[in-house]
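Have a look at the structure below before the remarks.
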Number of protein chains: 2
Amino acid sequence: MKQKKTRRMTVQAEATLEELRKLKTHPTAEELHNILRKRLPKVSLGTVYRNLKMMVREGEALRLVQPDGEARFDGCVDVHYHIRCRSCGRLDDVEMKPLTRIEPRLQEQSGWLVEGHSLEFEGICPRCLSMGGVC
Amino acid sequence: MKQKKTRRMTVQAEATLEELRKLKTHPTAEELHNILRKRLPKVSLGTVYRNLKMMVREGEALRLVQPDGEARFDGCVDVHYHIRCRSCGRLDDVEMKPLTRIEPRLQEQSGWLVEGHSLEFEGICPRCLSMGGVC
DNA sequence: ATGTTTGCAAATCTTTTGCACACTT
DNA sequence: AAGTGTGCAAAAGATTTGCAAACAT
């Protein structure tokens, strides 16, 4: 028979989820690691990755891939959209209510079972605009 | 003064663009490399990457990042959307006309200069559906 | 002739994994 | 006590880069 595979609440896992939820900057694993080190000086990057992966699997966090392939993480799992700055790379949330009609419509005419969508904008952020597009 | 930096049309670059445009499967660099080898047995993966990067920079191809961070390339640069199968990973084009109203609307109320968007659906493809979700 | 592109291999970068030990339950 | 999570370092996978030779202009 199978093992129980019960999930344990360690200080590392707890702190990771907590800090991620606190941040609104969609940090990379490494950025989050640096922040966590202030509380837990010996926490390893590998552990951060392991816990982030668990959190994503359990639906407690989102994993967002950047154009360069690096991942950013989001502690808010409600459906929402993002916008990325082409100049400085920052990733912000967007104030826009979720599109609810497109999924059923696509499902009808496509033959796919449509289970979700992600929408990401790109452009230049206010800060970079005020600095002439370079920041 | 600056160099000219003229782009040269080598057989490798030409074949890469040609094969990519022919394919509708959004291949990875490695998949494309394998296809190219049939025509150019000694073409290197590095060269494929270099040419793909140029093509993306010049607006001749799109680079699409997958959840695992690996990139897929698309020789069609018209605005269009994709859908990814959660089961087998395939990435198809979607028949849907581009959303034209969301960008200006977002720009007005956000303070960003909005220059583009990408929309990607996910679900289960017809083939996986017919095989019980596993293919 | 000049300067860009190539093939090769080594280097880089992000993420994963094996292992022995610590810790949660 | 049983078995999961951790830290560390090594491994893996994708992409980039340095270099000398080949090639396009």
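Residue numbers start from 1 in every chain, and the chains themselves are labelled A, B, ... in the order their sequence lines are given, proteins ahead of strands.
- Side chain of B/Gln107 to main chain of B/Val114: a donor-acceptor pair is present (N/O by atom type, distance under 3.5 Å, no hydrogens or angles).
- Of the listed nucleotides (D/dG3, D/dT15, C/dT6), C/dT6 has the atom at the smallest distance from the side chain of B/Ala13.
- The closest donor-acceptor contact from the side chain of B/Glu31 to the backbone of B/Thr28 lies under 3.5 Å.
- In this model, no donor atom of one side chain and acceptor atom of the other lie less than 3.5 Å apart for B/Glu120 and A/His117.
- Remark: A/Thr28 is not in phosphate contact with C/dT14, judged by side-chain N or O atoms under 4.0 Å from OP1 or OP2.
- The distance from atom CD of A/Gln66 to atom C1' of C/dC13 is 13 Å, rounded to the nearest whole Å.
- Considering only side-chain N and O atoms, B/Thr10 lies under 4.0 angstrom from the phosphate OP1 or OP2 of C/dT6.
- Ion pair A/Glu95/B/Arg105 not flagged as a salt bridge, since none of the NZ, NE, NH1 or NH2 atoms sits closer than 4.0 Å to an Asp/Glu carboxylate oxygen.
- The CZ atom of A/Arg8 sits 10 Å away from the P atom of D/dT6 (whole-angstrom rounding).
- At a non-hydrogen distance threshold of 4.0 Å, B/Tyr49, B/Arg50, B/Lys53 from residues 30-65 of chain B come into contact with DNA chain D.
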Kindly determine whether B/Trp112 and A/Arg84 satisfy side chain to side chain contact (heavy atoms under 4.5 Å, CB included), including the steps that lead there.
-> CA-CA 10 Å; B/Trp112 284 62; A/Arg84 179 183 318 279; 5.8 Å; no
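- In this structure, the nucleotide among D/dA14, C/dG7, C/dT5 sitting nearest to the side chain of B/Glu70 is D/dA14.
- Between B/Met9 and B/Phe73, the one whose closest nucleotide on DNA chain D sits nearer the 5' end is B/Phe73.
- Under 4.0 Å is where a charged nitrogen must lie from a carboxylate oxygen, and between B/Asp74 and B/Arg72 no such pair does.
- At least one side-chain nitrogen or oxygen of A/Gln12 sits closer than 4.0 Å to the OP1 or OP2 atom of D/dG7.
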